[in-house]
Protein chains: 2
Amino acid sequence: MRRMPRTRPYHHGDLRSALLQSAERTLREKGVGALSLRELARDIGVSHAAPGRHFKDKQALLDALAQDGYERMNRDLATAAALPDQPLEARVTSLARAYLGFAVEHPELLELMFARKHDPDSSAQLAAAVDHSLHLFTRVIADAQERGEIVQGDPERITTAAAASLHGLAALIAGCALDAQETLAGLDEHVRLLLNGLRPR
Amino acid sequence: MRRMPRTRPYHHGDLRSALLQSAERTLREKGVGALSLRELARDIGVSHAAPGRHFKDKQALLDALAQDGYERMNRDLATAAALPDQPLEARVTSLARAYLGFAVEHPELLELMFARKHDPDSSAQLAAAVDHSLHLFTRVIADAQERGEIVQGDPERITTAAAASLHGLAALIAGCALDAQETLAGLDEHVRLLLNGLRPR
DNA sequence: ACCTGAACACCGTTCAAGT
DNA sequence: ACCTGAACACCGTTCAAGT
């Protein structure tokens with residue numbers, strides 16, 4: 001009996017990405033708590049020990065999901081930040097829409113991305129991804145500072161303030177403490193408050 | 001053989017609170033992932049089925065921990081908010097210190113408190129606790145509005161902006177994306193940015 | 001009322017063995 | 001190289017039975 005052609009080398013070609021894809025589906029539909037390696041293997045039609053070939057343990061699979069999430073999110077953010085000649089408010093609003101949009105579409109994934117990590121192996125990679133996200137913010141802030149559109153002071157600190165404001169919304173949506181659609185609808189006003197402050201001018 | 005005195009009715013008096021106490025310790029030291037009902041029972045010296053008497057399932061215990069967390073946090077926040085005759089910035093800074101202080105001391109618990117709940121039974125109680133927290137904020141905002149210390153507009157929206165800003169810091173600390181001590185040290189400046197905005201005046 | 005012990009149906013992880 | 005099957009040490013939950 002001849003070997004199957006290259007398109008299906010052993011069982012169906014790429015168990016690793018099949019696992020990731022199936023895992024993200026489960027994550028979205030039933031939450032992290034419902035994610036089981038054995039069930040994933042069952043759904044894909046492979047033995048329960050097979051996932052161990054591609055991920056050293058369950059945490060490694062979760063880390064890979066998070067890493068993947070950062071890559072997609074950072075692409076979205078980079079696109080949104082690429083408005084070099086727009087005024088400050090338009091740029092920040094664009095970033096805010098991109099970030100909150102991602103949060104609303106992938107709340108469980110976002111929770112995973114920001115979950116407390118203990119594994120020192122992959123946490124370095126994840127930290128790099130977070131830094132990349134924040135760097136996109138910092139660049140917008142630093143640009144705006146040069147033009148005098150933003151208060152002087154440590155750009156890191158100002159970025160933290162802006163990022164915390166948006167991340168807080170995202171986290172409150174993910175935790176169901178805020179309504180997603182309502183928050184998106186009020187996002188422009190939120191950015192205006194962030195830029196102008198709560199004190200009357 | 002006579003019954004033991006009231007102080008140790010069957011095994012040691014109050015399994016429910018013993019479970020909660022032991023669970024919170026594990027939560028703090030090893031994280032939610034390491035929390036097992038059977039291990040809790042083992043540590044306390046009771047059969048593995050005993051917890052089922054006091055919590056219908058594991059989620060019910062987690063919900064009870066979260067509820068407890070809200071009660072303590074809301075006490076802290078209420079104390080911090082009780083500065084009626086102070087100026088705006090002092091009151092908000094006080095609230096911020098209380099909230100971030102709680103977040104830094106109980107990061108795992110906070111994560112649990114804001115985790116996505118599915119159980120409709122206890123989620124109503126938890127939602128009430130969140131509302132109570134937010135109400136403390138709203139009152140400070142509404143007071144300040146009356147005095148003209150804060151921009152006009154829907155107090156709910158303004159509260160959301162202030163709460164998101166602080167919650168974002170808390171979540172970033174809990175997720176190890178920000179350094180706890182550094183963030184606490186810069187908290188007054190953060191509040192100033194929140195009140196005055198990122199745009200120069 | 002409160003707890004035990006056994007039972008059931010699951011897990012994650014490892015490891016010799018297969019192809 | 002990649003996967004299987006059996007084994008191990010755990011889970012959460014239920015339920016008759018004990019005190």
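Numbers restart at 1 for each chain; the letters A, B, ... are given by sequence-line order, proteins then strands. The basis for the numbers below is simple: all heavy atoms, side chains too, and nothing from hydrogens, waters or symmetry mates.
- The interatomic distance linking K58(B) (NZ) with dC10(C) (C1') rounds to 13 Å, in whole Å.
- Here dT4(D) presents its P atom at 14 Å from CG of L37(A), a figure rounded to the nearest Å.
- Distances shown here put every side-chain N or O of H48(A) at or beyond 4.0 Å from the OP1 or OP2 atom of dT13(C).
- Using a 4.0 Å cut-off, no side-chain N or O of R16(A) falls inside it from OP1 or OP2 of dC3(D).
- Comparing dT14(D), dT4(D), dC3(C) by their closest approach to the side chain of L15(B) singles out dC3(C).
- The nearest whole Å value for the distance from the CZ atom in R53(A) to the C1' atom in dA1(D) is 9 Å.
- With salt bridges taken as basic N to acidic carboxylate O contacts below 4.0 Å, one links R72(A) and E24(A).
- Using a 4.0 Å cut-off, some side-chain N or O of S36(B) falls inside it from OP1 or OP2 of dC11(D).
- If you take CG of D43(A) and P of dC11(C), they are 10 Å apart, rounded to a whole angstrom.
- The CD atom of E39(A) sits 11 Å away from the C1' atom of dC11(C) (whole-angstrom rounding).
- A salt bridge links E89(A) to R199(B): one of the charged nitrogens lies within less than 4.0 Å of a carboxylate oxygen.
- Pairing of dC3(C), defined by two Watson-Crick or G-U wobble distances under 3.5 Å, is not identified with any nucleotide.
- At whole-Å resolution of the value, CG in L61(B) and C1' in dC11(D) are 15 Å apart.
- A salt bridge does not link R157(A) with E189(B): none of the charged nitrogens is closer than 4.0 Å to a carboxylate oxygen.
- Across every strand in view, dC10(C) sits unpaired, with no contact that passes the Watson-Crick or G-U test at under 3.5 angstrom.
- Both R38(A) and F55(B) sit near DNA chain D, but only R38(A) has its closest nucleotide nearer the 5' end.
- Atom CD1 in I44(B) sits about 10 Å away from atom P in dC3(C), given to the nearest Å.
- Using Watson-Crick or G-U wobble geometry with both donor-acceptor distances under 3.5 Å, dA17(D) finds no partner in any strand shown.
- Atom CG of L62(A) and atom C1' of dG12(C) are 12 Å apart (whole Å).
- Residue R42(A) places at least one side-chain N or O under 4.0 Å from the OP1 or OP2 atom of dC11(C).
- Here the side chain of S47(A) is nearest to one of dT4(D), dC3(D), dT4(C), namely dT4(D).
- Mapping D57(A) and A50(B) onto DNA chain C by nearest heavy atom places A50(B) at the nucleotide closer to the 5' end.
- Aromatic ring centroids of H167(A) and F114(A) lie under 6.0 Å apart.
- One finds a salt bridge joining E29(B) and R25(B) here, because a Lys/Arg side-chain nitrogen approaches an Asp/Glu carboxylate oxygen to under 4.0 Å.
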